[in-house]
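A note on names: the letters A, B, ... follow the listed sequences, proteins ahead of strands, and every chain is numbered from 1. Computed from heavy atoms alone, side chains included, the values below leave out hydrogens, waters and symmetry copies.
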Amino acid sequence: MRLSRYFLPILREDPKEAEIISHRLMLRTGMIRQEAAGSYSWLPLGFRVLKKIEQIVREEQDRAGALEVLMPTLQSAELWRKSGRYEAYGKEMLRFKDRHDREMLYGPTNEEMITDIFRQGVKSYRDMPRNLYHIQWKFRDEVRPRFGVMRGREFLMKDAYSFDISAEAGRHSYNKMFVSYLRTFARMGLKAIPMRAETGPIGGDLSHEFLILAKTGESGVYFDRDFYDMDWSAFAIDYDDVQAISKVVTDFTNKYAATEDKHDEREFGRLVPEGRRLSGRGIEVGHIFFFGTKYSKPLGCYVQGPGGQQIAVESGSYGIGVSRLVGAIIEASHDEAGIIWPEPVAPYRVGLINLKPGDGDTDRACEKLYKSFRAKKIEVLYDDTDERPGAKFTVMDLVGLPWQVIMGPRGLKEGAAEVKRRATGERQSVPLDKIFDFFTSSGASA
RNA sequence: CGGAGCGUAGCGCAGCCCGGUAGCGCACUACUCUGGGGGGGUAGGGGUCGCGGGUUCGAAUCCCGCCGCUCCGACCA
């Protein structure tokens, strides 16, 4: 993409409402625009990142055997009455009436609807287990939206729902999601620590939150330093291998990690040696629950077992805050100059900078580079504008693309471009005919 | 929902106390000097002063009501 044809409304000054860094940077780089309290439009740059995160989530859900569906944002009150949550959910649920005076709501979550879908489609234990998920906009009328997309009222969430014939089988479904979450966050360059959690209005007794550490996190967290030394990448595990999956979960849950609501100072002291006790702030990016028959029973979701008996389905639900992750990643990865995108979620991999737009030779050289990048499927944002002649600040640093290829008359004379790595600031001169080797070899991998 | 505060150009703000019909910086447009990183010069464009009512000869400014937004606490992907 050429910057001269892009929609990138950069702000030179910090909008006053943005208190935390991710919100500031998202507004300043023109990723989002606020429409109302806790409600944002996603502009081209931000939307690309959102889509990348969504795609990673999707791939890992699919890998774990979940099946993607899409349920509507609007639901009727009827099902929620059956589960008893229509009254229980409170003012967070946005309610309204349609033209026929039917009570409707904008879905804050989908346990009722998916349970009804499953109930209608599956009658036999032979069709179990199943896990259905969708990635859809939710609305929760938060008392106090804040922190940009981190606590919006309208947000994009991946929610998966598992259906099993027994609690034991359900436990494996839960474990699969647990492991897939570790993989999902790791692919985005995040270490999301699973912590024992409150179950809140979803209900159930088995639940973990996944939190990433950030100074601006909303929850206090206490955990064992050992988490840092664990292998966060090697989860090439067969999801049907019940033992192996269970072992990963055990490894990640038998170390102490708790949010402040669940924190027990005495246990912390007993289980974790002093030198390994860490505390800080965390951002919740995922939350998984196993709630058994809490919804299947009131909603009449039963299947026939091998002996012909009716069995209430055992379920769990598994959420990832997709839009929140955009902010969370920035919280975890930025410096004074701006965002530092981890490669897998970066809106573009390379920023190509023409230092002297209008100069024929330089223009031609940059143009050639730009076209070659595109031909090689390397995502590139080409700054071909003539907006900031004497600038000390760079849009590219602010926007935080992993790599910058800087090209000017001097480089042209030397037959080389300067390649800058955003994360470290390290620069090197790369001969023009070696540029693509550079970006396809391991030298330029994340 | 309790407490605090703010709505004036795209963004950041001044003007309001002491009423006289709107200003600054950045951004934007044109020309120009520039050019290894928020640069300089000249000339410009852009505002229902959140909305409604009231007081007044006259309201951004005073009074009443409403709406929106932000921050601090209790709740949450």
Exercise. Report which part of the nucleic acid A:K91 touches: base, sugar-phosphate, or nothing (heavy-atom distance under 4.0 Å, all strands).
Key: sugar-phosphate
Self-check item: A:E13 CD to B:C24 C1', straight-line distance once rounded to whole Å
Solution: 12 Å
Self-check item: A:R324, nearest nucleotide to its side chain (from B:A77, B:G35, B:G36)
Solution: B:A77
Quiz item: Taking the P atom of each, how far is B:C66 from B:U56, in whole Å?
Solution: 23 Å
Self-check item: Integer-rounded Å distance: B:C6 C1' and A:R146 CZ
Solution: 18 Å
Self-check item: Residue closer to the 5' end of RNA chain B, A:E284 versus A:P145 (nearest nucleotide)
Solution: A:P145
Quiz prompt | Interatomic distance at P, B:G2 relative to B:G46, whole Å | solution = 45 Å
Quiz item: Taking the C1' atom of each, how far is B:A59 from B:C49, in whole Å?
Solution: 11 Å
Quiz prompt | Identified side chain to side chain contact (heavy atoms under 4.5 Å, CB included) partner of A:M407 from the options A:L355, A:I435, A:L412, A:I353 | solution = A:L412
Practice problem: Could you please name the partner base of B:G2, counting Watson-Crick and G-U wobble pairs only when both distances are under 3.5 Å? | Solution: B:C72
Quiz prompt | Minimum-distance nucleotide (side-chain atoms of A:K16 versus B:A77, B:C6, B:C11) | solution = B:C6
Quiz prompt | Touch class at under 4.0 angstrom, heavy-atom based, for A:G152 against every strand present | solution = base
Quiz item: Does one side chain, of A:D164 or A:S173, offer a donor that lies under 3.5 Å from an acceptor on the other?
Solution: yes
Practice problem: Determine the contact category for A:G90: base if any of its heavy atoms lies under 4.0 Å from a base atom, sugar-phosphate if only primed atoms, P, OP1 or OP2 are that close, otherwise nothing. | Solution: nothing
Quiz item: From B:U70, B:G36, B:A77, pick the nucleotide closest to the side chain of A:E418?
Solution: B:G36
Quiz item: For the side chain of A:F155, counting heavy atoms from C-beta on, which of B:C69, B:A77, B:C6 is nearest?
Solution: B:A77
Exercise. Not counting sequence neighbours, list each pair that qualifies as a side chain to side chain donor-acceptor pair (under 3.5 Å) and has a residue in residues 406-420 of chain A.
Key: A:D397-A:K420, A:E418-A:R427
Solution key, residues 38-49 of chain A side-chain donor-acceptor pairs under 3.5 Å, sequence neighbours excluded:
residue : atom : partner : partner atom : Å
A:Y40   : OH   : A:H23   : NE2          : 3.4
A:S41   : OG   : A:E35   : OE2          : 2.6
A:R48   : NE   : A:P347  : O            : 2.6
A:R48   : NH2  : A:P347  : O            : 3.1
A:R48   : NH2  : A:E379  : OE2          : 2.9

Practice problem: Have a look at A:I353 and say if it touches a base, only the backbone sugar-phosphate, or nothing, with a 4.0 Å heavy-atom cut-off. | Solution: base
Quiz item: Can you tell which of B:C71, B:C11, B:U70 lies closest to the side chain of A:E19?
Solution: B:C71
Quiz item: Atom CD1 of A:I212 and atom P of B:A77: how far apart are they, to the nearest Å?
Solution: 16 Å
Quiz item: For A:R95, does the CZ atom have more than 12 heavy-atom neighbours from other residues, nucleotides or ligands under 6.0 Å away?
Solution: yes
Exercise. Sticking with atom P, work out how far B:A27 lies from B:A22, rounded to a whole angstrom.
Key: 26 Å
Quiz prompt | Residue whose closest nucleotide on RNA chain B lies nearer the 5' end, A:L11 versus A:G321 | solution = A:L11
Practice problem: Would you classify A:G319 as touching base, sugar-phosphate or nothing, given that sugar-phosphate means primed atoms plus P, OP1 and OP2, and contacts are heavy atoms under 4.0 Å? | Solution: nothing
Exercise. If B:C66 has a Watson-Crick or G-U wobble mate with both distances under 3.5 Å, name it; if not, just say none.
Key: B:G50
Practice problem: Tell me what A:V322 touches on the nucleic acid: a base, only sugar-phosphate, or nothing, going by heavy atoms under 4.0 Å. | Solution: nothing
Quiz item: Are a donor atom and an acceptor atom from the side chains of A:E103 and A:Y86 found within less than 3.5 Å of each other?
Solution: yes
Quiz item: Could you state the CD-P distance from A:E209 to B:A77, rounded to the nearest angstrom?
Solution: 7 Å
Quiz item: Between B:C17 and B:C71, how far is it from one P atom to the other, in whole Å?
Solution: 30 Å
Quiz item: If we only count heavy atoms from C-beta on, is the A:V380 to A:M1 side-chain gap below 4.5 Å?
Solution: no
Exercise. Please determine, for B:G23, whether a Watson-Crick or G-U wobble partner exists with both distances under 3.5 Å, and give it or none.
Key: B:C13
Exercise. Assign A:L27 to base, sugar-phosphate, or nothing according to its heavy-atom contacts below 4.0 angstrom with the strands shown.
Key: nothing
Quiz item: Got A:L381 and A:R349 here, is their nearest side-chain heavy-atom distance under 4.5 Å?
Solution: no
Practice problem: Tell me what A:A18 touches on the nucleic acid: a base, only sugar-phosphate, or nothing, going by heavy atoms under 4.0 Å. | Solution: nothing
Self-check item: Minimum-distance nucleotide (side-chain atoms of A:Q34 versus B:U70, B:G12, B:A77)
Solution: B:U70
Exercise. Rounded off to whole Å, could you give me the CZ-to-C1' distance for the A:R427 and B:G36 pair?
Key: 8 Å
Quiz item: What distance, rounded to whole Å, do you find between the two P atoms, one in B:C13 and one in B:A60?
Solution: 22 Å
Practice problem: Take atom CE of A:M195 and atom P of B:A77, then tell me their distance rounded to the nearest Å. | Solution: 15 Å
Quiz item: With rounding to whole Å, what would you report as the distance between B:C31 and B:A14 at their C1' atoms?
Solution: 31 Å
Quiz item: Rounded to the nearest Å, what distance is computed from the CE atom of residue A:M177 to the P atom of nucleotide B:A77?
Solution: 18 Å
Self-check item: Euclidean distance, atom CD of residue A:E92 to atom P of B:A74 [Å, nearest integer]
Solution: 15 Å
Quiz item: Contact class for A:D14 vs. all strands (heavy atom < 4.0 Å): base, sugar-phosphate, or nothing?
Solution: sugar-phosphate
Practice problem: With heavy atoms under 4.0 Å as the rule, sort A:E142 into base, sugar-phosphate or nothing. | Solution: base
Quiz item: In Watson-Crick or G-U wobble terms, both distances under 3.5 Å, what is the partner of B:C18?
Solution: none
Practice problem: Determine the Euclidean distance between corresponding P atoms of B:G23 and B:G44; express it in Å to zero decimal places. | Solution: 14 Å
Practice problem: Name the pairing partner of B:U42, where a pair is Watson-Crick or G-U wobble with both distances under 3.5 Å, or state none. | Solution: B:A30
